[in-house]
Amino acid sequence: MSSQATLDAPVVIAGAGPVGLVLALELSHQGVRSILVERQPTTTTFPKMDVTNARSMELLARLGLADLVRAAGVPSQHSFDVIFASSLAGREFGRWRLPSVDEMRAEIAGCTDGSAPAEPWQRAMQADVEAVLMRRCLEDDMVDVQRPWRVTGVTQDADAVETTIVHANTGERRVLRSAYAVGCDGARSQVRASLGIEQEGAEEVATFALVHFRSRDRERLQAHGQFWHLFFATGGIVISQDEDEVWTVHSQVPPETQPGSVDPVAVVRNVCGVPVEIDEMLEHTIWRPNVLVADRYRAGRVFLAGDACHQVIPTGGYGMNTGLADAVDLGWKLAAVIDGWGGEALLDSYEAERRPVALRNRDWSFRHLSVHLQMPERADVALIDDDSDAGARHRAELGEFVAANNGENTSVGIELGYVYARSPVVASTAEDEPPELDPLVYRPTTFPGARAPHVPLADGGSILSCFSRGFTLVDHGAPDPARLLDAAAALGVPMTHVALGPDAASASVYERRLVLVRPDGHVAWRGDDAPDDCDALVAHVTGRGERVATASATAKESAA
Ligand SMILES: Cc1cc2nc3c(=O)[nH]c(=O)nc-3n(C[C@H](O)[C@H](O)[C@H](O)COP(=O)(O)OP(=O)(O)OC[C@H]3O[C@@H](n4cnc5c(N)ncnc54)[C@H](O)[C@@H]3O)c2cc1C
């Protein structure tokens with residue numbers, strides 16, 4: 001590999017699933033070009049992910065994408081209710097009442113104590129979300145989408161990465177040279193394999209048939225009323241994908257089952273317990289969830305993000321949602337290094353910050369799954385439908401179990417409350433004990449490493465809209481913010497001053513007079529006064545070190 005050759009782009013991204021697409025858009029937002037290589041000619045037609053959680057919606061809003069995703073998703077008035085029943089013809093025995101986007105927006109509007117997210121969650125099929133994100137990438141001059149090209153491997157030296165790609169139709173082979181490469185190429189990541197990175201956890205923990213279909217038979221499908229998810233005591237599930245005519249059924253099948261070997265109509269019939277009119281079969285397949293996290297997220301100039309480095313059970317919706325936060329965390333850091341104001345430690349901090357989150361989300365997804373796995377053992381389907389006192393008692397028992405285990409989509413601590421407390425680029429002292437994470441509760445905090453809380457500004461917008469490019473110094477009446485701002489300016493670090501004053505409603509939520517927030521909306525440092533050594537703080541939170549100059553120079557040359 002010649003170290004003198006020019007670069008094709010600062011960053012090459014393998015895989016244009018939701019994580020690769022958002023990474024490309026984050027890099028563009030930060031002014032960095034990328035080549036996005038996808039082996040398929042189009043985005044996915046499989047529904048897969050169906051909840052984009054509140055944190056992901058905040059991150060998408062930051063990139064100007066939230067409204068586009070909402071427009072492609074379920075209209076805002078529909079609830080996220082989850083119903084438990086014996087069958088479509090049988091009886092309901094439990095319900096998680098979960099608010100619609102409109103209801104959540106009203107709750108958010110009335111909340112000023114920092115405990116609410118800035119954005120409500122959103123129901124939307126992955127197929128539709130990917131189409132929206134891909135359209136954005138295709139319109140963006142900073143993103144060079146290359147498809148259908150398959151990444152076959154990566155090699156690197158001290159100066160650059162070479163990514164080999166092969167055209168899916170012609171077999172033509174090309175080598176792309178970049179300062180950095182990121183494997184966003186999903187569970188079977190070729191980039192991960194090429195780096196020799198192993199994963200820990202369990203593979204193929206279950207086998208499911210997925211049937212995705214169009215049906216106008218709402219009379220039968222909504223026999224228990226409007227729902228997002230409808231779980232049956234026998235273990236199957238129906239998902240209302242668009243609150244109109246698109247539905248997905250998942251059913252556990254024996255491990256040896258192969259795609260194409262099941263009759264999709266029979267799967268729907270068995271899961272629902274009654275025949276349902278199917279107008280059009282959209283997709284059907286077999287899928288097998290893994291619970292795996294990669295040992296490493298980085299090897300030299302190559303990184304992994306999304307399913308390429310963590311795979312979870314879909315219960316709880318921690319797959320794509322965890323991956324989008326990876327993309328934003330990594331994107332601004334790569335941009336900072338390429339731009340010359342970020343250092344090597346910033347790149348190392350990506351794994352230190354994001355891998356613990358993946359491990360926790362993986363374990364928590366398992367906990368949610370166990371609720372569903374217990375259901376067929378606990379439930380006597382005939383008794384659920386029985387009119388007797390015994391039937392009523394059984395429904396009540398199951399209802400209590402459902403109510404007591406309702407964290408699947410309400411674990412806001414998991415979704416909003418993760419803190420990068422021990423990150424090498426966050427300025428908290430080792431003696432400071434980070435707040436303990438309660439998976440079910442989000443408690444606003446500006447402890448270094450935490451997501452800076454949402455509070456409404458005087459103009460009605462969210463303070464989160466200030467955190468986007470460069471660092472932001474949120475100032476609730478500190479005497480000497482200029483010392484920190486000047487230090488940043490002298491070191492070439494972009495830092496914006498948001499002066500809110502000591503009497504602003506946000507002052508108590510932000511806990512300190514000065515809170516330094518990173519481009520991804522996480523707190524880097526806080527204090528009531530600027531620190532004695534402002535240069536040292538700026539150097540610390542930007543991870544600046546000896547190797548920065550070399551990496552930046554190479555990348556900047558190509559960007560020029
Ligand atoms: C049934 C189901 C329900 C789910 N529900 C949710 C949910 O509600 N919420 C949630 O957050 N997550 C959910 N998930 C998980 C979510 O679908 C994944 O976490 C998400 O797709 C990961 O995105 P990604 O971009 O990392 O990987 P992928 O979506 O797998 O995308 C990888 C991309 O890389 C491409 N690619 C692969 N190899 C190569 C190569 N060698 N060269 C070039 N391109 C390549 C692929 O074609 C693909 O486009 C669900 C998953 C399933 C199966």
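What you see is a predicted model; the values in this text were computed from it and never measured. Read the numbers this way: they start at 1 and go in the same order the structure lists the ligands and their atoms.
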Around [atom], find the nearest protein heavy atom and jot down its residue, atom name and distance.
| atom | result |
| --- | --- |
| atom 37 (C) of ligand 1 | D185 O, 3.2 Å |
| atom 25 (O) of ligand 1 | V19 N, 3.0 Å |
| atom 19 (O) of ligand 1 | D307 OD1, 2.7 Å |
| atom 23 (O) of ligand 1 | P18 CG, 3.5 Å |
| atom 47 (O) of ligand 1 | E38 OE2, 2.6 Å |
| atom 36 (N) of ligand 1 | R39 NE, 3.6 Å |

- Would you say D81's side chain and L98's backbone share a donor-acceptor pair under 3.5 angstrom? yes

- Check: N321 side chain, L324 main-chain N or O, donor-acceptor pair, under 3.5 Å: no

Among [options], which one has a heavy atom closest to [atom]?
| atom | options | answer |
| --- | --- | --- |
| atom 5 (N) of ligand 1 | M49, M125, Q190, M320 | M49 |
| atom 32 (C) of ligand 1 | C184, G15, A327 | C184 |
| atom 41 (N) of ligand 1 | V151, V37, L23, D50 | V151 |

- Taking only heavy atoms of G186 into account, list the atoms of ligand 1 that are under 4.0 Å away from them. 27 (O), 30 (O), 32 (C)

- Task: For G306, take its heavy atoms, then give the atoms of ligand 1 lying under 4.0 Å from any of them.
- Result: 26 (O)

- Query: Among V276, L221, V268, which residue meets the side-chain contact (heavy atoms from CB on, under 4.5 Å) test with W247?
  - Reply: L221

Contact check, [X] vs ligand 1, heavy-atom distance below 4.0 Å:
| X | answer |
| --- | --- |
| F208 | no |
| Q311 | no |
| G323 | no |

- Query: Side chains of E26 and Q30: do they bring a donor and an acceptor to under 3.5 Å?
  - Reply: yes

- Message: We want to know whether W96 and H229 form a side-chain donor-acceptor pair, criterion being a heavy-atom distance below 3.5 angstrom.
- Response: no

- Message: How about CD on E277, more than 12 heavy atoms from neighbouring residues, nucleotides or ligands closer than 6.0 Å, or not?
- Response: no

- Task: Please state whether the rings of H310 and Y297 are parallel, tilted or perpendicular, taking 30° and 60° as the class boundaries.
- Result: tilted

- Message: Measuring centre to centre across the rings, with the benzene-like ring taken for any Trp, is W364 within less than 6.0 Å of Y318?
- Response: no

- Query: Hey, is R518 close enough to D329 for a salt bridge, meaning N to O under 4.0 Å?
  - Reply: yes

